[in-house]
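Order of listing sets the numbers, starting from 1, for every ligand and every atom in it. Note: hydrogens, waters and symmetry copies are ignored here, and every other heavy atom, side chains too, is used.
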Amino acid sequence: MTTAPTLPTVSAEQVNPLRHGLQIERTPEPCIMIIAGATGDLSHRKLMPSIFNLAQSRLLPGGFTVVGMARTKMSDDAFRDSVKASLKEQGYDTTTPVWESFANGLYYFDADYQDAQRWADLGEKLKTLDEARGTGGNHLFYLAVPPSAFPTIVQGIASSNLGRDANDPLQGLSPTEAHGWVRIIIEKPFGRDLTSARALQREVTNAFREDQVYRIDHYLGKETVQNMLVFRFANLLFEPVWNRRYVDHVQITVAESLGLEGRGAYYEEAGALRDMIQSHVMQVLSIAAMEPPATFKANEVRDETAKVMRAIRPFTPDTIPANAVRGQYGKGWIGGQRVPGYREEEGCKPDSNTETYAAMKFLIDNWRWAGVPFYVRSGKRLARRLSEVAIQFRELPHLLFEQGPTDRVEVNSLVLRIQPDEGISMRFEAKLPGPQMSLRPVRMDFRYGTSFGSQGVDGYQRLILDCMLGDASLFPRYDWVDASWTLFMPILDTWSQTRPGNFPNYEAGTWGPAESAALLERDGHRWRRI
Ligand SMILES: NC(=O)c1ccc[n+]([C@@H]2O[C@H](COP(=O)([O-])OP(=O)(O)OC[C@H]3O[C@@H](n4cnc5c(N)ncnc54)[C@H](OP(=O)(O)O)[C@@H]3O)[C@@H](O)[C@H]2O)c1
């Protein structure tokens, strides 16, 4: 094995934060990233491009190394070729010195996750690489395998002591002599219900301390989700009205126009509630509703988001019908194309009851939000791809302008657009030019792209870098995950025990089932027209 040339270490001062879209306080220490499931879709489509982007932006530490791990047998060179091919396919230039240097840091290890000897061999390989590449025992495991394989891999790490690091009270037991840090990124979903999440957590705590565990939700890596924190807590203007005195209700929409993209078998087991609402949507809701933490330290932010989850009024079998709606798309038209219904998609059962749409109403029982409904909706094959948080303010206590027949008075609203066209817009009333006092709603708009000349970086890039830096602020802590599953279990149980009867109940290319509109109409509201 030849020792690969190392990438230059770049100090934070040398990095132009606007050019790279990432501002870092320090460069991560050299480390080895061990990707379990390196032959898979996530690794090739998301992880490798994100890491390569970091390399191109000179944000990776010197000596950065990847060990791709999977059951498929392959040489280091074959692995490098496969990464090169998928990067090329996605439009990356792999003829540059950055690629050469990056490729020299790619290695492959074929694993049998059940075999203790293979884990011992991995320990030896990591030790050799640490010496050759100066990575100092810093190891980042990434679980990019199907969730059913998470426990086996975590058990393998535990039994080989590869999870122990220099901060471990039992340090010295690790085959790598525990002289660096060890962290693990676990892909979503973390469990498929409360019982399996708790079982997985038990396995994880056998191998790692909580501060080593990074449960990834790539949604939290999105600029606009983070900007919600900045918007709320770095401006004086909005926080005073961010409560039940001024806010009438909140609407969170995470809409996809895509269907299953070949992931039918996975989706059949998941559904919209597990796939989107329980994780992404509730993270967004937690950030929109949280109290200001004292500092931006990971645990202080996560204390506040977990408190939101615990304050949400629990569902009971009696309250579910009036507060939770499910849907499944039938065939329809999207962008001028005829698209099949969910039950006709590859990997789906012809009589499937899996929901591809879910909408629900939450009440947060605390001083800030008592009585303010939070409506959320998420679905596949909707009219447009769009994610946003809309804060709808209360009616004016009194309107002093006489309303003519052409006047339009609408309540103030603030919309935080997560994707696409990331930005923030505020609706307020203005006077129509002319001799009369006529009113019209207008919009004040902030667009990321226009203001900063960049849409920011991909969520995975940001989060992988955060993990290397030891910053867990944007990763859900286990108590949040547990509170989320606890909240959704009554709905998951009720839905699995009762057949919806009317599936498919919305046409692809529309905004979801009629029951979803009725959910808001009961409260005198309606979904924003998008
Ligand atoms: N793909 C995405 O866009 C996406 C998005 C969000 C989250 N995720 C999550 O990321 C993880 C990986 O997703 P993916 O789409 O990359 O999955 P995938 O392509 O189905 O699997 C990844 C790799 O895992 C290995 N594998 C498959 N079954 C296994 C098993 N039973 N035990 C051990 N290894 C197994 C396979 O490699 P070998 O056969 O060579 O070992 C496979 O190439 C999942 O947890 C998924 O929920 C994926």
Side-chain angles (χ1 to χ4, degrees), residues 33-51 66-76 78-79 81-83 85-86 89-90 107-115 118-119 122 141-157 184-193 196-197 200 203-204 213-222 254 256 258-281 283 346-347 354 378 380 385 387 419 458-464 467 474-476 481:
M33 182 168 171
I34 305 110
I35 303 177
T39 49
D41 175 72
L42 182 80
S43 178
H44 281 276
R45 252 184 348 102
K46 297 279 183 197
L47 304 186
M48 285 303 172
S50 297
I51 303 167
V66 171
V67 174
M69 178 160 78
R71 298 166 307 179
T72 305
K73 295 215 184 312
M74 205 189 305
S75 66
D76 289 341
F79 179 56
D81 289 345
S82 72
V83 173
S86 60
E89 211 177 281
Q90 293 170 76
Y107 297 84
Y108 188 77
F109 183 84
D110 57 87
D112 174 350
Y113 300 117
Q114 315 269 5
D115 180 358
R118 276 316 271 162
W119 285 104
L122 177 67
F141 287 92
Y142 197 120
L143 298 194
V145 287
S148 59
F150 293 170
T152 315
I153 297 178
V154 172
Q155 280 158 13
I157 296 173
I184 183 166
I185 299 183
I186 303 179
E187 259 301 334
K188 74 162 223 151
F190 196 91
R192 71 178 312 276
D193 53 23
S196 55
L200 176 58
E203 296 294 348
V204 168
V213 183
Y214 292 69
R215 297 171 193 82
I216 196 161
D217 181 341
H218 70 272
Y219 235 70
L220 295 186
K222 290 189 185 296
V254 176
E256 296 176 281
L258 289 177
L260 301 179
E261 305 298 289
R263 301 186 79 210
Y266 157 77
Y267 202 84
E268 270 288 272
E269 296 299 312
L273 188 53
R274 287 189 170 89
D275 190 47
M276 296 301 276
I277 301 221
Q278 180 272 331
S279 49
H280 304 324
V281 175
Q283 280 291 339
E346 194 190 325
T354 300
S378 180
K380 286 197 174 288
R385 168 179 174 257
S387 300
Q419 67 185 19
D458 169 74
Y460 277 102
Q461 256 185 86
R462 159 78 201 233
L463 294 171
I464 291 169
C467 179
L474 299 174
F475 294 83
V481 176

Would Arg45 count as a contact residue for ligand 1, given that I'm defining contact as a non-hydrogen atom of the residue lying under 4.0 Å from a ligand atom? yes
Tightest non-hydrogen contact, residues Tyr108 and Asp76, listed as N-OD1, 2.7 Å
Side-chain contact test, heavy atoms from C-beta onward, threshold under 4.5 Å: evaluate it for Tyr142 versus Glu187 and give yes or no. yes
Atoms of ligand 1 less than 4.0 Å from Ala149 heavy atoms? 30 (C), 32 (N), 33 (C)
Check each of His218, Met74, Glu187, Glu261 against atom 10 (O) of ligand 1 and report the one with the nearest heavy atom. Glu187
If you scan protein heavy atoms around atom 22 (C) of ligand 1, the nearest is Ala144 O, 3.4 Å
Which heavy atom of Phe475 sits nearest a heavy atom of Cys467, and at what distance? CZ-CB, 4.3 Å
Report yes if some N/O of Thr72 lies less than 3.5 Å from some N/O of ligand 1; otherwise report no. yes
Could you give me the CA-CA distance, side-chain angles and deciding distance for Ile51 and Ile35, then say whether side-chain contact (heavy atoms from CB on, under 4.5 Å) is met? CA-CA 12 Å; Ile51 303 167; Ile35 303 177; 4.2 Å; yes
What's the verdict on side-chain contact (heavy atoms from CB on, under 4.5 Å) for Ile216 and Phe190, showing C-alpha distance, side-chain angles and the deciding distance? CA-CA 9 Å; Ile216 196 161; Phe190 196 91; over 6 Å; no
Mark yes or no for whether Arg462, through its side chain, and Gly221, through its backbone, hold a donor-acceptor pair below 3.5 Å. no
Looking at atom 20 (O) of ligand 1, what's its closest protein heavy atom, distance included? Pro146 CG, 4.2 Å
Candidates Val145, Ile153, Leu42, Asp217; heavy atom nearest atom 44 (C) of ligand 1 found on Val145
Identify the heavy atoms of Ser43 and Ala38 that sit nearest to each other, and give their distance. OG-O, 3.3 Å
Taking the side chain as every heavy atom from C-beta outward, state whether Phe141 and Val154 have any atom pair closer than 4.5 Å. no
Close approach of Pro189 to ligand 1, heavy atoms, under 4.0 angstrom: yes
Shortest non-hydrogen pair, Ala70 vs Tyr113, comes out as CA-OH, 3.6 Å
Under 4.0 Å from a heavy atom of Tyr113: give me the atoms of ligand 1 that qualify, with their elements. 33 (C), 34 (N)
Nearest non-hydrogen contact with atom 39 (O) of ligand 1 belongs to which option: Arg71, Lys46, His44? Arg71
Derivation of the side-chain contact (heavy atoms from CB on, under 4.5 Å) call for Arg118 and Asp110: CA-CA 9 Å; Arg118 276 316 271 162; Asp110 57 87; 3.7 Å; yes
Which atoms from ligand 1 have a heavy atom of Arg263 less than 4.0 Å away? 4 (C), 48 (C)
Which heavy atom of the protein is the closest neighbour of atom 37 (O) of ligand 1, given with residue, atom name and distance? Thr39 OG1, 2.8 Å
Can you check whether Lys188 has an N/O within less than 3.5 Å of an N/O in ligand 1? yes
For ligand 1, which atoms sit closer than 4.0 Å to a heavy atom of Asp41? 1 (N), 2 (C), 3 (O), 15 (O), 16 (O), 19 (O)
Those atoms of ligand 1 less than 4.0 Å from some heavy atom in Phe150: 45 (O)
Does atom 16 (O) of ligand 1 have a protein non-hydrogen atom under 4.0 Å from it? yes
